[in-house]
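Working notes, beginning with the structure itself.
This is a predicted model, so every value here is computed, not measured. Note: hydrogens, waters and symmetry copies are ignored here, and every other heavy atom, side chains too, is used. By convention here, the first residue in the shown sequence is residue 1. Atoms within a ligand are numbered from 1 in the order they appear, just like the ligands themselves.
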Amino acid sequence: TACSSKYVLSQMHPMWQGPLVVPGGDRQSPIDIAVRKTVFDSELKPLVATYDPQTCQQIWNNGYSFLVEYDDTTDKNTLKGGPLQDKFRLCQFHFHWGESNDWGSEHTVDRRLFPAELHLVHWNSDRYTLFEEAVMEENGLAVIGVFLKVGKRHEGLQKLVDALPAIRHKDSIVEFNRFDPGCLLPANINDYWTYHGSLTTPPLTESVSWIIMKQHIEVSHDQLAVFRSLLFTSAEEVQKSMVNNFRVQQPIRGRTVRSSFT
Ligand SMILES: Cc1ccc(O)c(S)c1
Ligand SMILES: [Zn+2]
């Protein structure tokens, strides 16, 4: 689909430290959410996420993370409301995680680290026709972030976990159908923080309205261990475990993080 193509196909080995600051970058991600500095905004509306599991197409290892991709040629999977003025289309979701359960998330809450973070990536289909266009524009993307905690097994995630051994190496891909991304959202999606930031992988463009869920989801230790069995490397290269695929935190540069709850 559009969202997978050249954009995240970079052959560059993930330099997770990456450029510390993008030239002129004053709205980079990820950041720490200092709760006492957040500002409640009563104008923030409830989020409306509508997903069709039938539009799930494939799951693949792009050398940074693994992506589950959806058909984004129609408005079948939409996100609107919340801080968003326009309607956004889901194109993919992926995760960032650590080599241990002590770290792995990109965002933190009062410096608290989670073992992993889910990103559901949507692009502004009211203003653009392709993900590639939207990713370069200020109001182009909306990414929902959900923290993962280790606890009880996540039944809905298991179908995805079972598909991972087939995409162990970079650039491997398998067909993946009938997966409802909604099953990965927490029960309460109306309590969130939102701020303007960037992608956390190249090209690090400052095109993202971030919507970070206050409520986390739980996955089992064993499910997370399967994430760590993936490889950054292709079958020909010396094996390198896909772990710690998160970016270092970036300066807040005077930005305000708004909350939808008090
Ligand atoms: C579009 C996109 C690709 C990869 C990512 O980690 C993020 S955060 C967004
Ligand atoms: Zn991400």
Check: Among His94, Glu117, His122, His119, which one has a heavy atom closest to atom 5 (C) of ligand 1?
Finding: His94
Next item on the list: Using the six-membered ring wherever Trp is involved, compare the ring planes of Trp210 and His119 and label them parallel, tilted or perpendicular (cut-offs 30° and 60°).
Entry: perpendicular
Notebook entry, point to check: Where on Phe246 is there a heavy atom closer than 4.0 Å to ligand 1, on the side chain, on the backbone, on both, or on neither?
Noted result: neither
Margin query: For the residue pair Lys170 and Tyr64, would you count it as a cation-pi contact if the rule is NZ or CZ under 6.0 angstrom from the ring centre and within 45 degrees of the ring axis?
Written below: no
Give a yes/no on ligand 1: does [X] have at least one heavy atom closer than 4.0 angstrom to it?
X      : value
Val143 : no
Glu106 : no
Tyr64  : no

I need the atoms of ligand 1 closer than 4.0 Å to a non-hydrogen atom of [X], numbered in the order shown.
X      : answer
Gln92  : 1 (C), 2 (C), 3 (C)
Thr200 : 6 (O), 8 (S)
Thr201 : 3 (C), 4 (C), 5 (C), 6 (O)

Notebook entry, point to check: Has ligand 1 got any nitrogen or oxygen that is less than 3.5 angstrom from a nitrogen or oxygen of Trp210?
Noted result: no
Margin query: Any nitrogen or oxygen of His96, side chain or backbone, less than 3.5 Å from one on ligand 1?
Written below: yes
Check: What's the atom name of the N, O or S in His119 nearest to the Zn ion (ligand 2)?
Finding: ND1
Notebook entry, point to check: Per the ring pair (Phe, Tyr, Trp, His ring centres under 6.0 Å) rule, which among Tyr195, Tyr192, Trp193 passes with His107?
Noted result: Tyr195
Check: Between Asp26 and Arg253, does at least one N-O distance fall below 4.0 Å, as a salt bridge requires?
Finding: no
Next item on the list: Run the salt-bridge test on Asp75 and Lys87 with the 4.0 Å N-O cut-off and return the result as yes or no.
Entry: yes
Would you check if there is a donor-acceptor pair between the side chains of [Y] and [X] at a distance under 3.5 Å?
X      : Y      : answer
Glu138 : Ser207 : no
Gln223 : Gln158 : yes
Asn139 : Tyr128 : yes

